[in-house]
Number of protein chains: 2
Amino acid sequence: MKSAISILRQCGIQPTPQRIAVVESVLISTAHPTADEILVFARKKCPTVSRATVYNTLNLLVEKRLIGMQAIREGAVVFDPNIQKHHHFIDEDTGDIYDIPWDQFEVRGRKAFEDFEILDVQVIMRGKRRKK
Amino acid sequence: MKSAISILRQCGIQPTPQRIAVVESVLISTAHPTADEILVFARKKCPTVSRATVYNTLNLLVEKRLIGMQAIREGAVVFDPNIQKHHHFIDEDTGDIYDIPWDQFEVRGRKAFEDFEILDVQVIMRGKRRKK
DNA sequence: CCTTTTTTCTTGACATCGTCTAAACCGATA
DNA sequence: TATCGGTTTAGACGATGTCAAGAAAAAAGG
Ligand SMILES: [Mn+2]
Ligand SMILES: [Mn+2]
Ligand SMILES: [Zn+2]
Ligand SMILES: [Zn+2]
């Protein structure tokens with residue numbers, strides 16, 4: 001795992017304590033945290049970091065394609081440290097979002113899309129996680 | 001097209017001028033309106049209808065499965081008069097959402113889902129509408 | 001070092017979304 | 001008219017996300 005500092009430098013973003021805290025918070029996550037969850041986590045490393053700085057940094061990281069942003073849940077966008085193509089399953093009871101590997105589905109278009117230029121595709125599933 | 005009054009009665013919802021205005025506004029739409037867009041439209045038929053009543057009525061209609069609710073866009077949930085299974089294309093420039101017929105895609109799972117009970121599936125595409 | 005300039009950060013204000021509550025309203029009934 | 005249940009309304013509220021204006025920090029230059 002590369003360090004947060006080197007990741008930021010590599011993208012031409014100046015590393016600061018606040019940005020490092022945000023990067024570490026979002027990249028370490030294996031879930032799909034909201035901005036507010038990242039704020040709480042980042043404050044453990046850098047207690048003074050503000051809401052606006054968290055949003056600014058997350059938007060920067062999305063622009064540089066270091067993380068993804070998914071608008072697939074009510075209420076708040078979530079950020080996604082997994083930038084590989086993949087699908088999502090959303091637990092309607094808990095709101096938890098699970099990554100589904102890309103090759104778990106075969107998605108075949110039966111007709112060509114003439115009017116739309118598709119930049120991103122994913123399968124979204126909603127349901128309940130089975131109690132085990 | 002059945003009348004709004006009979007649709008409401010059939011679901012055991014008491015028809016009122018406000019509810020009729022909301023039902024007509026959302027069912028006539030061919031797009032994916034937000035609650036606020038429905039509010040503006042409903043006020044043309046019933047100028048005093050309030051925000052709360054629009055939300056209440058829309059939530060009732062979703063409960064009764066007369067319309068769908070899609071959380072696939074940033075900022076606000078959209079409501080969907082099309083309750084058949086279908087996919088969606090989202091224009092990243094305009095925010096417009098287009099219905100894609102269900103049989104336009106073949107979605108095949110390559111492995112069984114053991115841990116998840118899938119209640120809803122759809123393909124979500126994002127991109128740009130081609131200028132014609 | 002000291003000063004100036006540029007970049008970054010924080011704060012607080014602001015707009016929007018969606019829910020909730022308490023009071024007003026309204027039609028039916030006695 | 002008085003009452004009663006269901007409905008609507010306005011406003012308050014909390015959460016999300018953006019923005020502008022300074023404060024702070026870093027860089028540049030002497
Ligand atoms: Mn954004
Ligand atoms: Mn709802
Ligand atoms: Zn993901
Ligand atoms: Zn639709």
Side-chain angles (χ1 to χ4, degrees), chain A residues 4-5 7-9 11-26 32-43 45-64 67-80 92 95 97, chain B residues 4-5 8-9 11-26 32-64 67-80 92 95 97:
Chain A
I5 292 184
I7 288 173
L8 286 167
R9 284 225 183 86
C11 292
I13 304 175
Q14 193 172 325
T16 66
Q18 291 87 349
R19 285 172 174 164
I20 291 167
V22 172
V23 169
E24 287 178 347
S25 298
V26 68
H32 295 79
T34 64
D36 258 24
E37 287 162 357
I38 293 164
L39 173 62
V40 170
F41 209 86
R43 280 194 169 151
K45 300 168 195 284
C46 182
T48 67
V49 67
S50 71
R51 249 171 95 69
T53 296
V54 169
Y55 275 102
N56 289 340
T57 305
L58 289 172
N59 287 337
L60 261 181
L61 298 178
V62 170
E63 257 177 52
K64 300 289 187 181
I67 62 175
M69 188 187 66
Q70 305 279 347
I72 54 182
R73 237 190 44 179
E74 255 188 277
V77 161
V78 299
F79 295 88
D80 195 340
E92 288 183 338
I97 299 173
Chain B
I5 291 184
L8 285 168
R9 284 225 182 87
C11 292
I13 305 174
Q14 200 175 120
T16 66
Q18 292 87 345
R19 286 171 173 165
I20 292 167
V22 171
V23 169
E24 288 178 346
S25 298
V26 69
H32 295 78
T34 64
D36 259 23
E37 288 163 356
I38 293 164
L39 173 62
V40 170
F41 209 85
R43 280 194 170 151
K44 291 179 184 161
K45 299 168 195 286
C46 181
T48 67
V49 68
S50 70
R51 251 167 86 71
T53 296
V54 168
Y55 274 102
N56 288 341
T57 305
L58 289 172
N59 288 337
L60 262 181
L61 299 178
V62 171
E63 258 176 51
K64 301 288 187 181
I67 61 175
M69 189 187 65
Q70 304 279 347
I72 54 182
R73 236 189 44 178
E74 258 188 273
V77 161
V78 299
F79 295 89
D80 196 340
E92 288 183 339
I97 300 174

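Chain letters run A, B, ... following the sequence lines, proteins first, then strands; residues in each count from 1.
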Close side-chain approach of A:Q18 to A:V54, heavy-atom, < 4.5 Å: no
Under-3.5 Å N/O pairs linking protein and nucleotides 6-11 of chain D:
from	atom 1	to	atom 2	distance (Å)
D:dT7	OP1	B:R19	NH1	3.1
D:dT8	OP1	B:T16	OG1	2.3
D:dT8	OP1	B:Q18	OE1	3.2
D:dT8	O3'	B:Q18	NE2	3.1
D:dT9	OP1	B:T48	O	2.5
D:dT9	OP1	B:T48	OG1	3.1
D:dT9	OP1	B:V49	N	3.3
D:dT9	OP2	B:S50	N	2.8
D:dT9	OP2	B:S50	OG	3.1
D:dT9	OP2	B:T53	OG1	3.0

Atom pair distance, as rounded to whole Å: CD1 in A:I20 and P in C:dC9: 10 Å
Non-hydrogen side-chain atoms of B:I72 and B:H32 separated by less than 4.5 Å: no
Distance in angstrom units between A:L60 CG and D:dT18 C1', rounded: 15 Å
Summary of protein contacts for nucleotides 22-30 of chain C, nucleotide by nucleotide, where a base hit scores B, a sugar-phosphate-only hit scores S (4.0 Å, heavy atoms): ---------
Least distance between heavy atoms, B:E24 atom then B:A4 atom: CG-CB, 3.7 Å
Non-hydrogen atoms of B:T34 and B:F79 that approach each other most closely: C-CD1, 4.4 Å
Distance-minimising heavy-atom pair for A:Q14 and A:R19: O-NH1, 2.9 Å
Between C1' of C:dT16 and CZ of B:R73, the distance in whole Å: 13 Å
Heavy-atom pair of closest approach, residues A:R9 and A:P15: CG-CG, 3.9 Å
Heavy-atom pair with the smallest gap, counting every atom of B:C46 and B:A21: CB-CB, 3.8 Å
Test applied, side chain to side chain contact (heavy atoms under 4.5 Å, CB included); reference residue, B:V22; option that passes from B:L58, B:L8, B:T16: B:L58
D:dG17 phosphate, OP1 or OP2, under 4.0 Å from A:Y55 side-chain N/O: yes
Spacing of B:D36 atom CG relative to C:dC17 atom P, expressed in whole Å: 5 Å
